[in-house]
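Every chain is numbered from 1 and lettered A, B, ... according to where its sequence line falls, protein lines coming before strand lines.
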Amino acid sequence: MKEANQLVENFQSEAFCDDLITWYRKEKRDLPWRLNQDPYRIWVSEIMLQQTKVDTVIPYYERFMDKFPSLKDFAHADEESVLKAWEGLGYYSRVRNLHSAVKEVEEKYDGNVPSTKEEVSSLKGVGPYTTGAILSIAFDKPEPAVDGNVMRVMSRVLSSWEDIAKPKTRKLFEEVIYKVISKEDPSSFNQGLMELGALICTPTSPSCLLCPVQKHCRAFEEGVQKELPVKSKKTPPRYVPMVAGFFTTEKDTLLIHKRADQGLLAKLWEFPNVEVSENGGRKEEQLAMYMKETYGLDVAIDEYVVNIQHVFSHLVWDITVYRGRVIGHVEEKRDVVCVTKEETEHYAFPVSHQKIYKECTGLKKK
DNA sequence: AATTCGTGGAA
DNA sequence: TTTCCAAGAAT
């Protein structure tokens, strides 16, 4: 691996910064988190934007800020409403960590987001990238904020052939950015690199003819911009067959279950379900047995409804859904409740189980 | 270092 | 259709 010093050798950092920042100030998109420099608003946006596209985030961000306008509002919000605000965005540990960290700021820092690297990076859910983003965008500090855009753009600008999927490569580019970053306007520099990656220096077929830093780009000079960056492939997702039950009770309510506090889709609500085993008999029987063993409930399976495939980053659920009824009284617990269809609106479900609900209630997906 | 954590949309 | 991803962090 080349060192950062070698990569930036003979690189005209000042001219690069000027061209990048001038372009950014003129062409930057009008996004809701660019309204002001409120550290809370910047922080929330950076968490939402992790591994998530701008177009997806915007409506969530608007609703979130309507619901929790200030850091104090969010700090005092209840967990269920917090999860509900994140419903459908994915990576739900983001909002659990954010809520925890905001409460810490409210108590430990009297509601003021800290502005030192040590304090910011110690907050839950705030890693190297988000630390640099908060410090540079909210506090104008010259810290690198190296995300996927920055690694792609700098790989091309410096014609680096390092595998950007390797953790070491991010550290290399952090060193590079420390040497290149504008001290006058680190906020526009960092956001400019990301904006460039999003609008011009895209993963496939970059628009080099429109690029404001084309004359600084070694990949363009060498004609290899489409070969860069190098990125190794991830392991394909694991296939998981499941069976789920849409159970009504004798009171004509729905039986739902709260998932565990940790792990996949933690603390979200779902319809009772279990992974199907190969030699465990028919799926209806496995579901009924699961209901008896896990909840002590006798159930009647009425009909097969649908199969739902849901793809995660690391696994694929194939859920066979049955409609059924609970026989007898249901004793509600912390993680097992019976709700009317209207009341489901107050519970946060993962998208896969929203699909189950829609299929079982006959609602059309839009 | 390699996995685990979601989702919807573009290529 | 399949692949790949998008402003990553925690373990």
Between [Y] and [X], is there a salt bridge with N-O shorter than 4.0 Å?
X: Glu80(A); Y: Lys258(A); result: yes
X: Lys292(A); Y: Asp298(A); result: yes
X: Glu107(A); Y: Lys103(A); result: no
X: Glu195(A); Y: Lys28(A); result: no
X: Lys141(A); Y: Glu143(A); result: no

Hey, which of these two, Gly125(A) or Ser232(A), hits DNA chain C nearer its 5' end, going by closest nucleotide?
Ser232(A)
Nearest nucleotide by nearest heavy atom, which residue falls closer to the 5' end of DNA chain C, Ser121(A) or Met194(A)?
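Its nearest nucleotide lies further toward 5', so the answer is Met194(A).
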With respect to Phe349(A), which candidate in Tyr92(A), Phe271(A), Trp269(A) satisfies the ring-ring contact (aromatic ring centres under 6.0 Å, His included) definition?
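Looking at Tyr92(A), Phe271(A), Trp269(A), the match for Phe349(A) under the ring-ring contact (aromatic ring centres under 6.0 Å, His included) is Phe271(A).
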Base, sugar-phosphate, or nothing: which does [X] touch, judged by heavy atoms less than 4.0 Å apart?
X: Arg34(A); answer: base
X: Val57(A); answer: nothing
X: Trp33(A); answer: base

Which residues in residues 155-168 of chain A have a heavy atom closer than 4.0 Å to any atom of DNA chain B?
Lys166(A), Pro167(A), Lys168(A)
Given a cutoff of under 4.5 Å between side-chain heavy atoms of I, L, V, M, F, W and Y, with clusters grown through shared members, what are the other residues clustered with Val316(A)?
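Joined to Val316(A), directly or through intermediates: Tyr239(A), Val311(A).
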Test question: given the 4.5 Å side-chain rule for I, L, V, M, F, W and Y, name all other residues clustered with Leu255(A), or answer none.
Val243(A), Phe247(A), Val274(A), Val276(A), Leu287(A), Tyr290(A), Met291(A), Tyr295(A), Leu297(A), Val299(A), Ile301(A), Tyr304(A), Tyr322(A), Val326(A), Val330(A), Val336(A)
Go along nucleotides 4-11 of chain B 5' to 3' and tag each nucleotide: B for a protein heavy atom under 4.0 Å from its base, S when only backbone or sugar atoms are that close, - otherwise.
SBBBB--S
Between dG6(B) and dT11(C), how many Å separate the two P atoms, rounded to a whole number?
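The answer is 14 Å between these two P atoms.
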Taking the P atom of each, how far is dT4(B) from dA6(C), in whole Å?
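That atom pair is separated by 22 Å.
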Using a 3.5 Å cut-off and no angle test, enumerate the donor-acceptor pairs between side-chain atoms of residues 216-224 of chain A and protein atoms at least two apart in sequence or in another chain.
from	atom 1	to	atom 2	distance (Å)
His216(A)	NE2	Asp19(A)	OD2	2.7
Arg218(A)	NH1	Leu7(A)	O	3.0
Arg218(A)	NH2	Glu9(A)	O	2.8
Glu222(A)	OE1	Ser159(A)	OG	2.8

Can you list, in residue-number order, the parts of residues 127-137 of chain A that come under 4.0 Å of DNA chain C, counting heavy atoms only?
Gly127(A), Pro128(A), Tyr129(A), Thr130(A)
